[in-house]
Amino acid sequence: MTDIIENKANQFLGKPNKKPLDIKRCELLAQCLACGQDASYGTGLYTLTAPTGSGKTISSIAFALEHAHTNNLHRVIYVIPYTSIIDQTVNQFEAIFGTDAVLPHYSEAPYQLKDESDMDEMDLKRALAAENWNAPIVVTTAVQFFESLYSNKTSRCRKLHNIANSVIIFDEAQTLPVPYLRPCIRAIAELVKQYGSTAVLCTATQPELQPLLNESFNSEHAQAREISPFTKDDRNSFRRVTIERIGDIALDVLAERLNDHNQVLCVVNTRKKAQYLYERLTENDGEGSFCLTTLQCAADRQQLLSGIRNRLGAGKICRVVSTSLIEAGVDIDFPVAYREEAGLDSIIQTAGRCNREGRHSASESMVYIFSTEGGCAPFLRQNIAAFRETANSQVDLNTDEAIRAYFKEVLYLRDGGTSSNDALDRQCILSLHSFEERMPFATIAERFKLIDTPTVPVYIPLFDEGSRLCEQLEHGDIDRTLFRKLGKYAVNVWPRHLEKLQSAGAVLAVGRGGKNEESCFILQDMSLYSSLLGLRLDDATADGIFV
C-alpha cells in the first residue's frame, strides 16, 4: 500500500510546469509523506489543517498509510460526516488502491443495496468484511463510527477490536456534533491513550477543541501535533474569494440580485426559503435555475447536481438555491456565492464552492453574507450569534485567527461559559461511565444517537425503481435491503407535516405501527412532489434545517 501511494505521490511531485497552487499542494503531500515515514511521529493525536483545494484527501491518506507502516498499525479508517460526499472519496481511493483494498461501509454502498442472490464475489467479500472492518482501508460515516463505539449490539461491537491499532482520519472535523462533542472527544482520547490508535483531525477550519482535549486526556498538555507545513502566508496563497457582509435583505430583493448573475450559488438556512427563492427565479424564464433541498429525494438531487455541473462547465446560465447540503465536500465551482448568516465554518464551506478551481482572482470572486426575514431553527441561533460576535471583532473572516475566535465563542455560548454545563453532552453520556459499578450499556446506546431528530421518512414512488420498491413495501415484502434501497427515494418530514399529509389522504401508511414495528409512509398524491422543487408543504407551520 505504501508503494502504491508513493508511486502516486511521485507522479504529482514530478509533474513539470506546475502552477503556484500545484506547488503548494505538492508541499503538503511531501510533508505528509515525510511525517508518516518519521519514527518520531508515533501513535497519538494529530491535526491536518489545510485550505479547501489543497489536496487534503490524498495527502491525509498518504500520511495515514506511511504512518501505519512506520508504527506497525493495521489499517486506516476514514471517517466522513455526510453520506452525500462519501462516494467521491471511495471512488478516489478505489482508483488508486483498487477495490480489493477499500471497504466502503455506509447504508447506500452499492453492495449494501443488493440481495445476497445478486451479489458477485466482490460484493460478498465486502459484506463479510463490513461485519468487523477487516480491510486495509475502511471508509465510513461519523454516525457509523461513533455509534459503534457507544453501542451495546453485537453486530456493531464486532468491529471494535479492528478499530484498535489503526490510523483514524476524521474528515471535516469541524462537523463533530456539538451536543455530543464531549463523548466524541472522549472516545477519540480513549482510542489514542488505551488502544494504540492514531487520530487525525482533518479540516480547513480547525475547531478550538483544546479545553476538551485537556479534559479528555486528563492533561493540560494534550496538544495535538500539526502535520501541515503551511504558514499563514501559505494559507493566503490558497485564498480564492473575498467575503463581504451585506446586511439585511428581503427575499424578493435577493431574488432580483441572483437574477443579475448568470452563474450564482445561494445557500439559505431553511427549505422553505429555498423553495420561495426558486419560485421567484423561475417566474419569467426558469431555464438554468435549480433548487436543492432535502424535500427532494436523493435520487433527484443526484440528477440535478449532474445537470448543474454540466451547465457550469459549458458556461451556461446556472442559478442554484440550496440549503447547506451543498456545502461540505461537493465538487462544484461557481464564480459568485451568497450565504445566509450561519456559523463561520458553514460560511467558509460555502466559500469553498466559489472559484474552486482558482480561475479568477480572489478580489473578483465574491461571497456575500446576508440576513433575511423568516427566522431560523433554534439550534442555529448560537452559531449565528457567535458568527456576528466574530465578524464584529475580525477585519478578515477568512483567516485562522477568525476561525479560532469563532469556535471559542460558539463553544463558550454552547457551554454557558462554564465547564459544568452539559450542552456539549446533551444526553449526559459521560456521567453514566463508571468502571467501579455495572455500566449501563443499553442506556448509553439508547441515548447516543448522532442523528436524533423526530422526522419520519415518506417514500416517493419515483421512476421505475422507486415505484417498484414502494410496491414491494406496500405488499409487506420487507427486509433491511429494501429500506437501504428505498433510502434514495425518501423525504424526511416533521410529524406535524406528516399529520397534514395524512389528513389530506396524501400518504399511505403500511406496517402495523406497533411498539416494535413503526408504520412506513408512501406518497400517494404525486401532485405534491416535483423533481425540481421537491415535496410541497405550503400549509405547514414548522420549518427546519436538514443537512
Side-chain angles (χ1 to χ4, degrees), residues 1-6 8-9 28-50 55-81 86 89-90 92-94 96-98 100-106 129-130 132-142 144-146 148-149 159-173 176 184-185 187-203 206 209 213 216-217 222-229:
M1 299 288 286
T2 53
D3 287 343
I4 292 173
I5 195 62
E6 287 169 11
K8 187 68 174 179
L28 178 63
L29 178 57
Q31 175 81 350
C32 286
L33 286 170
C35 291
Q37 295 164 355
D38 189 341
S40 69
Y41 285 74
T43 58
L45 181 66
Y46 295 90
T47 54
L48 178 57
T49 311
K56 288 191 300 295
T57 301
I58 297 301
S59 294
S60 61
I61 197 68
F63 169 80
L65 289 170
E66 294 289 355
H67 181 82
H69 182 260
T70 302
N71 292 277
N72 196 30
L73 302 181
H74 300 156
R75 62 187 41 80
V76 174
I77 302 172
Y78 213 94
V79 182
I80 295 177
I86 199 170
T89 302
V90 170
Q92 275 186 287
F93 290 167
E94 286 181 343
I96 297 172
F97 305 106
D100 285 343
V102 182
L103 172 65
H105 190 199
Y106 58 104
N132 61 1
W133 283 2
N134 185 21
I137 299 174
V138 179
V139 185
T140 191
T141 63
Q144 176 73 238
F145 183 84
F146 286 110
S148 293
L149 292 175
K159 63 177 75 76
L160 297 185
H161 68 288
N162 279 335
I163 297 178
N165 300 309
S166 297
V167 184
I168 309 163
I169 306 287
F170 295 95
D171 191 31
E172 305 292 356
L176 289 173
C184 287
I185 296 299
I188 293 171
E190 287 298 308
L191 290 170
V192 170
K193 290 192 301 180
Q194 306 294 344
Y195 297 93
S197 293
T198 284
V200 182
L201 305 177
C202 181
T203 178
Q206 201 66 244
L209 297 176
L213 293 173
S216 295
F217 280 87
Q223 187 70 44
R225 191 171 181 180
E226 176 61 56
I227 301 170
S228 170

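Just so you know, these numbers come straight off a predicted model, no measurement behind them.
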Could I get the full list of ring-ring contact (aromatic ring centres under 6.0 Å, His included) partners for [X], not counting sequence neighbours?
| X | result |
| --- | --- |
| F97 | none |
| F217 | none |
| F170 | F145, F146 |

Hey, does the side chain of [X] reach the backbone of [Y] with a donor-acceptor pair shorter than 3.5 angstrom?
| X | Y | result |
| --- | --- | --- |
| R75 | W133 | yes |
| S216 | L213 | no |
| T70 | D38 | no |
| S197 | N165 | yes |
| Q92 | I58 | no |

Exercise. Do other residues, nucleotides or ligands put more than 12 heavy atoms under 6.0 Å from H74 NE2?
Worked result: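 Above 12, so yes.
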For this session: Indicate whether any N or O donor in one side chain lies under 3.5 Å from an N or O acceptor in the other, for Q206 and T47.
Result: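 No, no side-chain donor-acceptor contact under 3.5 Å.
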Exercise. Under 4.5 Å between any side-chain heavy atoms of N132 and H161, yes or no?
Worked result: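 Result yes, sub-4.5 Å side-chain heavy-atom pair found.
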Exercise. So do L149 and I163 actually touch side chain to side chain, heavy atoms under 4.5 Å?
Worked result: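 In contact.
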Problem set entry | Partner set under salt bridge (charged side-chain N to carboxylate O under 4.0 Å, His left out) for K193, not counting sequence neighbours |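 Result, salt bridge (charged side-chain N to carboxylate O under 4.0 Å, His left out) vs K193: E190.
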For this session: Only counting residues at least two apart or in another chain, list the ones meeting side chain to side chain donor-acceptor pair (under 3.5 Å) with T198.
Result: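 Side chain to side chain donor-acceptor pair (under 3.5 Å) list for T198, sorted by chain: H67.
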For this session: Would you list the pairs meeting salt bridge (Lys or Arg N to Asp or Glu O under 4.0 Å) in which at least one residue belongs to residues 59-73, sequence neighbours left out?
Result: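 Matches after skipping sequence neighbours: none remain.
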